[in-house]
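Residues take their numbers from the sequence shown, with the count starting at 1. All values below come from the heavy atoms of this structure, side chains included, with hydrogens, waters and symmetry mates left out.
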Amino acid sequence: QVQLVESGGGSVQAGGSLRLSCLAEGYTYSNYCMGWFRQAPGKEREGVANIYTGDGSTYYADSVKGRFTISRDNAKNTLNLHMNSLKPEDTAMYYCAAARSYSGSWCHLGDYYNSWGRGTQVTVSS
């Protein structure tokens, strides 16, 4: 399994920006779904964005489209999430996840992932 460690969370005012990073180690295959999920207290886990390493295709939740950008830095084995125009409703624990996959068709499904980081907290104040 891939080991994942998130960093970059913090507190910011509405309209601000943060960049989350996920250091990934233990790759043994070529193609993976890699994604960011979040969970706020009392709410269900929500898929934020994901990328399929096989072809670079990306997916964003409607709530973050145009504000968040997911990217990979292959040289540093990191998955990044650039978050702009943050809103109080973006407040949550953010988790990085990975799953070996032959296709990007399932990358948006949280239950598809079998490697998870411990999370990093993002708090946006109004």
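- At least one side-chain heavy atom of T69 sits less than 4.5 Å from a side-chain heavy atom of Y60.
- Side-chain atoms of N77 and E25, non-hydrogen and from C-beta on, never get closer than 4.5 Å to each other.
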Test log, rule side-chain contact (heavy atoms from CB on, under 4.5 Å), inputs E89 and S63: CA-CA 10 Å; E89 51 263 43; S63 57; over 6 Å; no
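- Taking CE from M93 and OG1 from T120, the interatomic distance works out to 7.5 Å, rounded to the nearest 0.5 Å.
- Between A92 and Q121, the shortest heavy-atom contact is O-NE2, 3.4 Å.
- A distance of 9.5 Å separates CG of N31 from OG of S103, quoted to the nearest 0.5 Å.
- The aromatic rings of F37 and Y113 sit perpendicular, their planes meeting at an angle over 60°, well past the 30° parallel limit.
- If you take CD on Q39 and CD on E44, they are separated by 8.5 Å, rounding to the nearest 0.5 Å.
- Closest heavy-atom contact between R67 and S85: NH1-O, 2.9 Å.
- Counting heavy atoms from C-beta outward, S101 and Y52 have side chains that approach closer than 4.5 Å.
- In this structure the side chain of R38 never reaches within 4.5 angstrom of the side chain of V122, judged on heavy atoms.
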Only pairs under 3.5 Å count here: list side-chain donor-acceptor contacts from residues 12-24, not counting sequence neighbours, and write none if there are none.
unit_1 : atom_1 : unit_2 : atom_2 : d
S17    : OG     : N84    : OD1    : 2.9
S21    : OG     : N80    : OD1    : 2.9

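- Although no hydrogens or angles enter the test, the distance criterion places a donor-acceptor pair under 3.5 Å between the side chain of T91 and the main chain of V124.
- Considering only heavy atoms from C-beta on, D111 comes within 4.5 Å of R45 through its side chain.
- L4 places a side-chain heavy atom less than 4.5 Å from the side chain of S115.
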Show the numbers, then the answer: is there a side-chain contact (heavy atoms from CB on, under 4.5 Å) between C107 and Y59? CA-CA 8 Å; C107 291; Y59 165 88; over 6 Å; no
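- The salt bridge (Lys or Arg N to Asp or Glu O under 4.0 Å) test applied to K65 returns D62, not counting sequence neighbours.
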Between L81 and F68, is a side-chain contact (heavy atoms from CB on, under 4.5 Å) present by the stated rule, with each step listed? CA-CA 7 Å; L81 185 68; F68 291 11; 4.2 Å; yes
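- Residues I70 and I51 come closest through the heavy atom pair CD1-N, 3.9 Å.
- Of all heavy-atom pairs between A61 and G47, the closest is CB-O, 3.3 Å.
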Please determine whether side-chain contact (heavy atoms from CB on, under 4.5 Å) holds for the pair E6 and L79, giving the CA-CA distance in whole Å, both sets of side-chain angles, and the decisive distance to 0.1 Å. CA-CA 9 Å; E6 303 95 336; L79 179 73; over 6 Å; no
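- Once rounded to the nearest 0.5 Å, the distance linking OG of S11 with CG of L86 reads 11.0 Å.
- The aromatic rings of W116 and Y95 sit perpendicular to each other, their planes meeting at more than 60°, with 30° as the lower class boundary.
- Taking the side chain as every heavy atom from C-beta outward, Y94 and M83 approach each other to under 4.5 Å.
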